[in-house]
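The structure under discussion appears below in the form of structure tokens.
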Number of protein chains: 2
Amino acid sequence: MPNSSPEPEIGTRERLLDTAEELFSAHGLRETTMRQITAGAGANLAAVNYHFGSKTALVAEVFRRRLEPMNAERLRLLDEALARAGDDRPDLRAVLTAFIVPALRLGRGAGQGLFQLMARAHLAPDPELRRLVAGQFEDVARRFGAALSLALPGAPMDELFWRVFFVVGSMCHTALNTALLSEVTHGRCTADDEDAVLARLLDFAVAGVSTAAHTTTSAAPPARGPRAPGARP
Amino acid sequence: MPNSSPEPEIGTRERLLDTAEELFSAHGLRETTMRQITAGAGANLAAVNYHFGSKTALVAEVFRRRLEPMNAERLRLLDEALARAGDDRPDLRAVLTAFIVPALRLGRGAGQGLFQLMARAHLAPDPELRRLVAGQFEDVARRFGAALSLALPGAPMDELFWRVFFVVGSMCHTALNTALLSEVTHGRCTADDEDAVLARLLDFAVAGVSTAAHTTTSAAPPARGPRAPGARP
DNA sequence: GGGGCTGTGAAACAATCGTTTGAAACGTAC
DNA sequence: GTACGTTTCAAACGATTGTTTCACAGCCCC
């Protein structure tokens, strides 16, 4: 018979992935039960074990399905930025944009909790899962490390990794806790305008990453007198 | 009989809090069971429910016990910094130090997972618990918001809140995932030297917070040519 | 020596978890 | 129609969860 339903015949496997992703993003991995997932997908309780083998395997597939294209897009944008620079030093802001934008986009396309999902990937308690997710980021870490080294030729590699690490922290926190920010600031700061959030995060990241490491370890911390506080050009 | 044991008569209630804190920090809230806690504390399974009423109440008390003095210390350091500045603008780095150091200290004193615990507090899935924890930070948010507004008189309040929010993200990520950073960088970046980590984080935070918001929404992103990357006075 | 209070003990509670089972329904090829 | 591989179904499985129960020990005070 001709299928005239609005949904173009989505298979059980895909429906399971979709609703699992949604529930994982909203409530966390451990706190989402198989019964919630299968019920939400309109499938039988045994469906997950049939299609994926176990809940852990389902989680891994949920992550892989989104992280793989996201990181591919990151590398694509990075290549663009590097090509645009030619033999010159690549623009730092362009490099960081290539790193951040695909992650933020993840939160706007299909579903809207994907951004939170990515954040959770970074702090999953399960060490096995962490290693699996970390593996997805190995290429990204290497390529962006090299690109940043080109954009900031003076800084040692360790420094650059640390700063990108801090940026990732800001991204994850933004993904998970903008509701909390809105609460603490009594609605003063909201994430309604996602472009504005992206711009703010990018400004912050560029400034943080491009700073000179003036006090790496043992330089006297407040040893330069009453320096003008907000002294900026 | 005279108690000559090495431990000076630590009560069951305190032992429960200590081991719960340790296990929560190491493995997460949901994944730590009452049986692990009570067994680790050498107490009966029913002890938690007797002393605290429920597991949720235990979690809340674990958080409160550490967050309260940490935030008090933050405010104390902030007062010091403001007093030092007198009628001048307070030093931005001093203000951020007052904000960050007590949080990092939390990871060095008793136990060593307290830093991770604080990070988890910011992203607890339980909305009720989140609200409880957020309440602990209300004073801190208000006071530091005012101080930052003094240190950076030009920037609007919203911007400042956002940037501190990003800093918090970096802190939390540092607390939870330095092991992952070490893994991805193949041991290149480790958190062994905590003073060095603090210095790096502080540099990053100062640079990020003190940046001028040059492109809030629609300013042309790469409209200033091949600017020298690390070029700051 | 009793009453009251605080704390501990072992055992069981109901609920929920992820997983497994075996049979029924499905479409497809012969 | 029949056989076959795939998918779905209701039901139950054993394990583990947080919580409760009730009996018993310790202690202080009258």
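Every value quoted in this text rests on a predicted model; they were computed, and no experiment measured them. Letters A, B, ... are given to chains in the order of the sequence lines, protein chains preceding strands, and every chain is numbered from 1.
Contact annotation: A:H51 side-chain N/O to D:dT6 OP1/OP2 distance is not under 4.0 Å. Between C:dT8 and B:T12, a contact under 4.0 Å exists linking OP1 or OP2 to a side-chain N or O. In terms of phosphate contacts, A:S54 brings no side-chain nitrogen or oxygen within less than 4.0 Å of OP1 or OP2 of C:dG18.
Ring geometry for B:F165 versus B:W162: interplanar angle over 60°, hence perpendicular rather than tilted (30 to 60°). Ring geometry, A:F144 versus A:F99: the interplanar angle exceeds 60°, so the pair is classed perpendicular (tilted spans 30 to 60°).
With hydrogens and angles ignored, the 3.5 Å screen pairs no side-chain donor or acceptor of A:T211 with any backbone N or O of A:A207.
When distances run from any side-chain atom of A:N49 to the nucleotides C:dT20, D:dT19, C:dT6, the shortest one goes to C:dT20.
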Under-3.5 Å N/O pairs linking protein and nucleotides 10-17 of chain C:
from: C:dA10; atom 1: N7; to: B:N44; atom 2: ND2; distance (Å): 3.3

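A pairwise comparison of heavy atoms in B:V209 and A:F204 identifies N-CE1, 4.0 Å as the closest pair.
In this structure, the CD atom of B:E14 is 12 Å from the P atom of C:dG7, given to the nearest Å. Residue B:H27 contributes atom NE2, which lies 17 Å from atom P of D:dT16 at whole-angstrom precision. Following rounding to the nearest Å, B:F52 (CZ) and D:dG18 (P) show an atom-to-atom distance of 15 Å. B:Y50 has its OH atom 17 Å from the P atom of D:dA23, to the nearest Å.
Between atom CG of residue B:L58 and atom CD1 of residue B:I37 there is a gap of 5.5 Å, rounded to the nearest 0.5 Å.
Judged as a side-chain hydrogen bond (donor to acceptor under 3.5 Å, both in side chains), not a single pair has a partner in residues 33-55 of chain B (not counting sequence neighbours).
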